[in-house]
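Each chain gets a letter, A, B and so on, in the order the sequences are listed, and its residues count up from 1. Just so it is clear, the values below take in all heavy atoms, side chains as well, and ignore hydrogens, waters and symmetry mates.
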2 protein chains.
Amino acid sequence: MKIDPNHLCILAAIIDAGGLSEGAVAVSKSQPSVSRTIAMLEARLGARLFEKGRRPLRPTELCLSLAEQGRIIAQASETASLSAAHYSRGKSGTARIAGTPIFMDGVIANMIASFQGAFPKVTINQTYGYMAELTEQLTAGNIDLGICPVSAASVPAGFAFKPLLRGRNVIACAPSHPLARKSAFKLADIASYPWIAPPAGSPLYSDLRGALGSIGITDFRVSFTGGSLASILSVMAGSESLTVLPYSVVFMQSHSKTVTALPVKLKHPERELGFLWREDRPVRPAVQRFRKYLESEFQVLANHIEQKGRAAVWRA
Amino acid sequence: MKIDPNHLCILAAIIDAGGLSEGAVAVSKSQPSVSRTIAMLEARLGARLFEKGRRPLRPTELCLSLAEQGRIIAQASETASLSAAHYSRGKSGTARIAGTPIFMDGVIANMIASFQGAFPKVTINQTYGYMAELTEQLTAGNIDLGICPVSAASVPAGFAFKPLLRGRNVIACAPSHPLARKSAFKLADIASYPWIAPPAGSPLYSDLRGALGSIGITDFRVSFTGGSLASILSVMAGSESLTVLPYSVVFMQSHSKTVTALPVKLKHPERELGFLWREDRPVRPAVQRFRKYLESEFQVLANHIEQKGRAAVWRA
DNA sequence: AGTCAATATACCCTAATGTTATGAAAATTG
DNA sequence: CAATTTTCATAACATTAGGGTATATTGACT
């Protein structure tokens with residue numbers, strides 16, 4: 001015979017509360033309702049659950065063993081409620097994000113770290129990809145959110161885009177670089193250093209030529225290409241190489257003193273870094289939470305960048 | 001928000017069974033019923049439990065974590081059902097019995113042992129007492145069943161009595177006793193040995209005089225009195241003492257070769273050993289089970305006693 | 001594209017559960 | 001020990017969650 005788990009919970013509540021009336025309050029039901037529920041349970045079980053004619057209701061041994069299970073059930077039910085609440089407030093769950101490697105490594109990774117500090121039960125699933133892969137993965141439902149530089153005009157149909165940071169590229173080098181230590185230098189000097197090119201196919205790669213062209217440099221030597229941010233920084237630290245990086249990336253690395261920006265005004269790309277997602281997909285709470293978190297982080301970051309950048313890089 | 005434990009069970013069933021329809025079968029409900037239950041749950045949670053528009057129904061992560069609890073609940077519910085079934089079949093629970101010490105130790109204890117072998121989850125709560133205490137304890141609800149010699153006529157109002165064994169007392173002694181080794185002896189010889197008297201107040205004590213009187217012995221020396229069965233047997237084994245015991249007790253001890261009965265025909269008491277209980281009290285299944293068990297054991301015992309007794313004791 | 005199998009909806013109905021008012025009985029207290 | 005209080009049970013009634021059958025809908029597969 002199957003016993004309704006609810007009834008077992010009520011049983012446990014009565015016993016733990018020390019009385020039918022108190023138990024009724026504990027499960028927020030009326031006293032008669034609980035009384036009748038017990039009576040029906042007894043009838044179905046064909047056994048008494050409380051000794052007859054005792055006013056401080058005394059449970060039988062059967063009742064006690066059933067209440068044991070009732071407690072377990074109440075506990076599980078409570079846990080379920082909590083995890084549902086957690087989930088729908090975005091405090092647990094999974095957010096699957098993907099983005100361009102340089103940004104993910106140079107900017108987002110830091111934010112993920114602090115996000116995880118605040119919401120440790122949210123699992124972040126991070127992968128890499130450029131625009132084409134991102135739209136593909138979003139459509140396939142493999143990721144929830146893309147993060148990449150997009151020119152607002154080129155957002156594909158069916159996708160939503162929320163800009164976070166305007167694109168500002170800078171010429172980056174190691175802090176120990178000869179040019180970084182000069183207060184002033186000629187643009188022509190720049191061209192003589194070896195260049196690190198971002199991974200082929202990345203938006204940065206095309207930015208590189210455009211940016212240098214904008215300051216009259218068309219001829220330069222590429223000494224290293226295709227690496228991740230980590231390898232770019234390593235190469236840069238051990239050489240006199242230059243490269244073009246988003247200022248946000250340089251800024252985020254500034255505390256580690258591995259990279260700095262030269263005070264050269266480049267032509268900035270039309271693109272803005274932002275979120276990309278399919279607008280026809282429901283947004284899971286954890287994703288929503290993560291998005292909001294990054295948005296506020298980026299707002300702070302954007303201010304800092306604007307101030308520091310104006311002072312140190314495009315002061316010209 | 002409180003989640004109905006039943007719904008969590010259903011969730012678990014669906015996932016474990018690998019489909020809504022199979023899950024419905026698993027919880028023995030119709031498919032539409034389960035479908036609607038899920039839909040309502042989703043509405044209340046404000047979150048999807050299964051991904052929309054996927055035919056082999058795919059659970060969301062929230063669903064999985066809820067199902068986890070559902071499994072716990074199903075398990076607890078199952079356990080509760082089982083323990084209820086066990087209980088109402090008398091396979092678990094408690095039986096509180098009390099009886100006269102000599103019978104409890106000499107006869108019932110053995111039966112309890114075998115009963116416990118058959119029903120290990122039934123707790124037997126054994127205490128001692130004579131008629132007066134038994135009726136008192138029964139009325140107070142401290143015990144479920146009394147076991148003692150009662151003359152059918154003297155059953156108090158409100159009590160029920162079920163006879164198990166007619167009273168047959170014998171003269172008992174150690175197997176090594178001089179009289180036990182003789183094939184024949186005069187009754188007068190008996191009187192010369194020291195006597196062990198049963199505990200004062202016990203029915204046996206009054207039986208002692210009556211029985212010996214019936215064979216013409218009125219003058220005898222009491223060397224030991226008041227002990228339990230164990231002490232009586234010990235004293236008897238180490239001396240040439242005689243005593244009067246129920247033949248059932250002597251019979252049950254026969255395998256241990258610590259006591260034997262002299263072939264003397266005594267006047268048997270009017271009383272019969274039997275169960276005593278209050279007929280206005282509901283009988284718990286475990287008590288019922290125990291009672292039935294003892295009844296059948298006693299039936300067998302009664303036959304054995306009748307045969308063996310006729311052959312060895314009251315053959316005269 | 002058509003078929004099949006799985007899930008969702010519509011509809012009706014029963015039974016469980018809730019509420020308030022009230023009765024009964026055990027426990028407590030003067 | 002009678003009066004009172006506390007606690008539980010019952011009655012009567014309203015509501016609705018939840019069950020079933022029949023049927024529509026929709027992914028998935030050939």
Side-chain angles (χ1 to χ4, degrees), chain A residues 1-11 13-45 47-60 63 67 70 73-74 77 139-141 280-282, chain B residues 1-45 48-60 63 67 70 73-74 77 139-141 280-282:
Chain A
M1 178 200 315
K2 174 144 174 47
I3 305 179
D4 189 328
N6 279 309
H7 297 169
L8 295 174
C9 287
I10 292 176
L11 224 51
I14 292 176
I15 289 175
D16 293 344
L20 189 141
S21 311
E22 295 90 328
V25 173
V27 295
S28 51
K29 296 191 193 305
S30 70
Q31 173 266 316
S33 174
V34 169
S35 174
R36 195 187 21 184
T37 299
I38 297 301
M40 293 182 71
L41 227 191
E42 284 184 332
R44 266 186 273 190
L45 290 174
R48 301 210 68 85
L49 291 170
F50 295 93
E51 287 176 28
K52 195 186 59 167
R54 299 304 274 271
R55 235 351 109 86
L57 226 49
R58 196 180 320 179
T60 63
C63 183
I73 290 170
S77 185
T139 301
D280 58 348
R281 299 284 203 282
Chain B
M1 176 202 313
K2 176 145 171 45
I3 304 179
D4 189 326
N6 279 309
H7 297 169
L8 294 174
C9 287
I10 292 176
L11 223 51
I14 291 176
I15 289 176
D16 293 344
L20 189 143
S21 309
E22 294 89 329
V25 173
V27 295
S28 50
K29 296 192 193 304
S30 70
Q31 171 266 317
S33 174
V34 169
S35 173
R36 191 175 28 145
T37 298
I38 297 301
M40 293 182 70
L41 229 192
E42 285 185 332
R44 267 186 271 191
L45 291 175
R48 299 210 70 85
L49 291 170
F50 294 94
E51 288 176 26
K52 195 185 58 167
R54 298 303 275 270
R55 232 356 111 86
L57 225 50
R58 197 181 318 178
T60 63
C63 183
I73 291 170
S77 186
T139 300
D280 59 347
R281 299 282 202 284

- Message: Could you report the tightest heavy-atom contact between A/His7 and A/Arg44, atom names first, then the distance?
- Response: CE1-NH2, 3.7 Å

- B/Arg48 CZ to C/dA8 C1': how many Å, rounded? 12 Å

- Message: Before you tell me yes or no, could you show the steps for A/Thr37 and A/Leu41 under side chain to side chain contact (heavy atoms under 4.5 Å, CB included), namely the whole-Å CA-CA distance, both residues' side-chain angles and the distance that decides it to 0.1 Å?
- Response: CA-CA 6 Å; A/Thr37 299; A/Leu41 227 191; 5.6 Å; no

- Task: Identify which nucleotide among D/dC8, C/dT7, D/dG18 has an atom closest to any side-chain atom of B/Leu57, counting heavy atoms from C-beta outward.
- Result: C/dT7

- Task: Examine distances only and state if a side-chain atom of B/Ser77 and a backbone atom of A/Pro5 form a donor-acceptor pair shorter than 3.5 Å.
- Result: no

- Message: Can you identify which nucleotide, out of C/dA27, D/dC8, C/dG18, has its nearest atom closest to the A/Lys29 side chain?
- Response: C/dG18

- Task: Report yes if a side-chain nitrogen or oxygen of B/Ser21 is closer than 4.0 Å to either non-bridging phosphate oxygen (OP1 or OP2) of C/dA6; otherwise report no.
- Result: no

- Query: How long is the line joining CG of B/Leu41 and C1' of C/dA8, in whole Å?
  - Reply: 16 Å

- Looking at C/dA8, D/dT10, C/dT19, which one has an atom nearest to any side-chain atom of A/Ser30? C/dT19

- Message: side chain to side chain contact (heavy atoms under 4.5 Å, CB included) for A/Ile14 and A/Phe50? Distances and angles first, verdict last.
- Response: CA-CA 11 Å; A/Ile14 292 176; A/Phe50 295 93; 3.8 Å; yes

- Nearest whole angstrom, please: distance from the P of C/dA10 to the CE of B/Met40. 14 Å

- Message: By the 4.0 Å heavy-atom rule, please label B/Asp4 as base, sugar-phosphate, or nothing.
- Response: sugar-phosphate

- Less than 3.5 Å between a donor and an acceptor, one on the side chain of B/Gln31 and one on the base of C/dA6, is that the case here? no

- Starting at atom CZ of B/Arg44, determine the distance to atom C1' of D/dA17, rounded to an integer number of angstrom. 8 Å

- OP1 or OP2 of C/dA16 sitting under 4.0 Å from any side-chain N/O of A/His7? no

- Query: What integer distance in Å separates B/Glu22:CD from C/dA6:C1'?
  - Reply: 9 Å

- Find the distance A/Ile3:CD1 to C/dA16:P and express it as a whole number of Å. 15 Å

- Comparing A/Arg36 and A/Arg58 on DNA chain C - which has the more 5′ nearest nucleotide: A/Arg36

- Query: Backbone N or O of A/Ala24 within a donor-acceptor pair of the A/Gln31 side chain at under 3.5 Å?
  - Reply: no

- Using whole Å, report how far CD1 of B/Ile38 lies from C1' of D/dG19. 15 Å

- Report the nucleotide, chosen from D/dC8, D/dG18, D/dT21, that has the shortest atom-to-atom distance to any side-chain atom of B/Pro32. D/dT21

- Would you kindly give the CD1-to-P distance between B/Ile10 and D/dG18, to the nearest whole Å? 8 Å

